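Residue numbers run from 1 in the order of the sequence given. A quick note: this is a predicted structure, and the numbers were derived from the prediction, not measured.
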Amino acid sequence: MSYLIAFLGAGIGGSLHHSINAIAPRLLETALLFGIILVNLTSSLMIGLIVGYLAFRGGSQATRLFLTNGILGDFTTLSAFSPDVSALLERSDLARAAIYCGLSVAGTALALFVGLCFAQTDF
């Protein structure tokens, strides 16, 4: 049953990822790979919120599996990040590659931490 839960969540997450990655460049009119950064930052923040909430307030393993491993696990991905970095480096666009890596790696870690902190507070 846990495989089915993760499978269903992954289908939702993959569809969301594709949608944002397709729409973001048109809406934001930017050459920077903002769609993937937006996806990775948003999902890291959400994972922090969900994991923190479930850890401090309780929740089922099925809920965690569906939301974090399923939806958000497939929503965010290094499989999109790595080829983008490679393409920037092949074009010798070192500044953009550095910004992209910095925002992606440090930004997602910070977003996860912020999510965990928010999950621990009472609003």
Side-chain angles (χ1 to χ4, degrees):
M1 185 59 142
S2 63
Y3 291 101
L4 179 60
I5 291 169
F7 173 77
L8 292 174
I12 294 168
S15 297
L16 289 170
H17 178 120
H18 175 69
S19 297
I20 289 178
N21 200 33
I23 293 168
R26 287 183 289 183
L27 291 177
L28 300 171
E29 298 178 8
T30 179
L32 186 59
L33 308 157
F34 196 75
I36 298 296
I37 292 171
L38 180 64
V39 162
N40 289 337
L41 292 174
T42 303
S43 60
S44 292
L45 176 66
M46 293 303 298
I47 288 172
L49 287 169
I50 292 166
V51 168
Y53 181 86
L54 295 176
F56 295 107
R57 292 178 175 82
S60 72
Q61 178 69 9
T63 300
R64 187 200 59 77
L65 183 63
F66 178 72
L67 294 174
T68 60
N69 290 53
I71 294 176
L72 295 171
D74 216 58
F75 183 56
T76 184
T77 179
L78 282 176
S79 64
F81 165 78
S82 300
D84 292 341
V85 172
S86 177
L88 291 169
L89 293 174
E90 286 175 1
R91 291 193 307 246
S92 298
D93 195 346
L94 301 179
R96 188 166 286 154
I99 291 168
Y100 184 61
C101 286
L103 284 174
S104 295
V105 176
T108 56
L110 180 62
L112 182 95
F113 179 73
V114 168
L116 287 170
C117 289
F118 275 122
Q120 294 178 38
T121 60
D122 293 322
F123 293 100

Applying side chain to side chain contact (heavy atoms under 4.5 Å, CB included), name anything that partners [X], two or more places apart in sequence or on another chain.
X      : result
Leu4   : Met1, Phe7, Leu8
Ala10  : Asp74
Ala109 : none
Leu89  : Val85, Leu94, Ala97

Just to verify, what does Asn69 make a side-chain hydrogen bond (donor to acceptor under 3.5 Å, both in side chains) with, not counting sequence neighbours?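 Checked Asn69 against side-chain hydrogen bond (donor to acceptor under 3.5 Å, both in side chains); matches are Arg64.
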Donor-acceptor contacts, no H, no angles, side chain residues 41-55, under 3.5 Å, sequence neighbours left out:
from: Thr42; atom 1: OG1; to: Leu38; atom 2: O; distance (Å): 2.7
from: Ser43; atom 1: OG; to: Val39; atom 2: O; distance (Å): 2.9
from: Ser43; atom 1: OG; to: Asn40; atom 2: O; distance (Å): 3.2
from: Ser43; atom 1: OG; to: Thr76; atom 2: OG1; distance (Å): 3.3
from: Ser44; atom 1: OG; to: Asn40; atom 2: O; distance (Å): 3.0

Atom pair NE2/OG of His18 and Ser15 - distance to nearest 0.5 Å: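 It is 8.5 Å, given to the nearest 0.5 Å.
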Could you state the interatomic distance from OH (Tyr100) to CG (Asp84), rounded to the nearest 0.5 Å?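 The distance works out to 4.0 Å.
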Decide whether Phe118 and Leu72 are clustered together by the hydrophobic rule: side chain heavy atoms of Ile, Leu, Val, Met, Phe, Trp, Tyr closer than 4.5 Å, transitively.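 Result: yes, single cluster for both.
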